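Since the structure comes first, as structure tokens, the remarks are kept for the end.
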Amino acid sequence: AKYQQALCKIHLGQEEEAYHDLLQLVEQDPDHHQALSQLAQVCFSLGDKTMALVHIHRALESDCDEINRAEYYFIATNFYSLSGETEMALEFVEQAIQLQPSNQEYLIKRARLFIKQHQYAYALSCLNQLLKQMPFCRDAYFLRALCRKQLNDNTGAHLDMERFRSNRCE
């Protein structure tokens, strides 16, 4: 019940109150991975990046299933990315992808991180693989157009932008 109350408080924007409820929960049950994950997100939102990372790492160390573990890796990816630590973000998104190799959100994030590092050839390779699996992924066409433009493939960039704009991703 306390966990559900904390989630309600988060959705109502009462993060300080949710923080205290979640902290009590993880003190009572140190392996409550969902509470740890929510606590990490609340800490990050409140500006305490250090504790956010502590709690998400604790969630990753807990006994949880692969789907939750992949999500926690992805949360850590976002924390590191938003903190400007792109290399760490890439390490964590790779872990998430190992657990959920067809997750479009994870695959797109990896490509975006490579683009952020100006590693357009790596991003292009990732996007090509993604589009083989999911040919209707509009975001992938947009990002691939950006990579192709940076790699001086103007024809390919134009074609991908047309696919993106037309919403006909064949």
Side-chain angles (χ1 to χ4, degrees), residues 3 6-7 9-11 13 15-16 18-23 25-27 29-134 137-151 160:
Y3 179 68
L7 292 180
K9 289 176 183 178
I10 291 168
H11 291 294
E15 291 178 327
E16 290 281 346
Y19 169 82
H20 295 293
D21 290 347
L22 292 166
L23 202 53
L25 266 172
V26 297
E27 285 172 0
D29 181 1
D31 291 323
H32 193 308
H33 61 89
Q34 294 166 314
L36 286 164
S37 169
Q38 290 297 325
L39 183 58
Q41 293 175 75
V42 167
C43 286
F44 196 86
S45 178
L46 293 173
D48 191 346
K49 295 175 184 175
T50 301
M51 288 311 295
L53 290 169
V54 166
H55 294 306
I56 202 63
H57 282 277
R58 284 180 60 200
L60 283 165
E61 293 166 3
S62 70
D63 186 24
C64 62
D65 61 28
E66 279 191 3
I67 293 171
N68 281 315
R69 189 170 313 286
E71 181 63 24
Y72 302 156
Y73 276 120
F74 191 67
I75 290 168
T77 297
N78 288 325
F79 289 170
Y80 284 114
S81 177
L82 291 168
S83 299
E85 297 180 55
T86 308
E87 281 297 323
M88 287 297 290
L90 273 165
E91 287 181 31
F92 279 85
V93 79
E94 290 294 346
Q95 294 293 321
I97 291 168
Q98 282 182 8
L99 295 171
Q100 297 287 305
S102 297
N103 185 303
Q104 180 178 322
E105 186 178 16
Y106 301 170
L107 296 167
I108 289 286
K109 182 67 171 193
R110 177 175 59 184
R112 287 183 186 278
L113 290 167
F114 280 129
I115 290 169
K116 188 175 182 179
Q117 290 187 313
H118 306 284
Q119 295 183 19
Y120 302 108
Y122 285 120
L124 183 62
S125 175
C126 293
L127 293 164
N128 287 337
Q129 288 175 326
L130 170 60
L131 286 166
K132 282 180 188 172
Q133 294 175 22
M134 299 170 215
C137 180
R138 289 187 73 230
D139 289 344
Y141 284 104
F142 178 80
L143 294 172
R144 191 169 76 171
L146 185 137
C147 291
R148 284 179 161 178
K149 182 73 174 162
Q150 292 297 319
L151 296 169
D160 281 341

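These numbers come from a predicted model, not from an experiment.
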dist Q38:CD -> H32:NE2 (nearest 0.5 Å) comes out at 10.0 Å
When you check the side-chain N and O atoms of S45 and E15, is any donor under 3.5 Å from an acceptor? yes
Minimum heavy-atom separation for A6 to A18, with atom names? O-CB, 3.6 Å
Side chains of I108 and L130: closer than 4.5 Å at any heavy-atom pair? yes
Distance-minimising heavy-atom pair for M51 and C43: CB-SG, 4.1 Å
Which value, rounded to the nearest 0.5 Å, describes the distance between R138 atom CZ and L143 atom CG? 11.5 Å
Write out all pairs satisfying salt bridge (Lys or Arg N to Asp or Glu O under 4.0 Å) with one or both partners inside residues 39-62, taking only residues at least two apart or from two chains. none
C147 and L127 have their tightest heavy-atom pair at SG-CD1, 4.1 Å
Taking C-beta and beyond as the side chain, do S81 and R112 meet within less than 4.5 Å on heavy atoms? no
Taking the side chain as C-beta and beyond, is there a heavy-atom pair between L22 and H55 under 4.5 Å? no
Would you check if L53 and Y80 make a side-chain contact, meaning some heavy-atom pair closer than 4.5 Å? yes
Would you list the atom pairs, donor with acceptor, under 3.5 Å between side chains in residues 66-78 and any protein atom, with sequence neighbours excluded?
residue : atom : partner : partner atom : Å
N68     : ND2  : D65     : OD1          : 3.1
R69     : NH1  : L60     : O            : 2.2
R69     : NH2  : S62     : O            : 3.0
R69     : NH2  : C64     : O            : 3.3
E71     : OE1  : Y106    : OH           : 3.2
Y72     : OH   : H33     : ND1          : 2.6
T77     : OG1  : Y73     : O            : 2.8
T77     : OG1  : V93     : N            : 3.0
N78     : OD1  : K109    : NZ           : 3.1
N78     : ND2  : F74     : O            : 3.4

dist L146:CG -> Y120:OH (nearest 0.5 Å) comes out at 6.5 Å
Reported OG1-to-CD distance for the pair T86 and Q117, which is rounded to 0.5 angstrom: 5.5 Å
Output every pair passing side-chain hydrogen bond (donor to acceptor under 3.5 Å, both in side chains) with a member in residues 121-134, not counting sequence neighbours, ordered by first then second residue. N128-R144
List the residues meeting ring-ring contact (aromatic ring centres under 6.0 Å, His included) with H11, not counting sequence neighbours, and say none if there are none. none
How close do I115 and A123 get, counting heavy atoms only, and between which atoms? CG1-CB, 3.6 Å
Euclidean distance, F44 CZ relative to T50 OG1, rounded to 0.5 Å: 10.5 Å
Rounded to the nearest 0.5 Å, how far does CG of L131 lie from SG of C126? 11.5 Å
Carefully, step by step, assess D29 and D31 under the rule side-chain contact (heavy atoms from CB on, under 4.5 Å). CA-CA 5 Å; D29 181 1; D31 291 323; 4.0 Å; yes
Is there a side-chain contact between F79 and Q41 (heavy atoms, below 4.5 Å)? yes
Give every residue pair that meets the salt bridge (Lys or Arg N to Asp or Glu O under 4.0 Å) criterion with at least one member in residues 86-108, sequence neighbours excluded. E94-R110
Is Y3 atom OH crowded by more than 12 heavy atoms from other residues, nucleotides or ligands, each under 6.0 Å away? yes
S102 and L107: which non-hydrogen atoms are nearest, and at how many Å? C-CD1, 4.3 Å
Under the ring-ring contact (aromatic ring centres under 6.0 Å, His included) test, which residues partner Y19, sequence neighbours left out? none
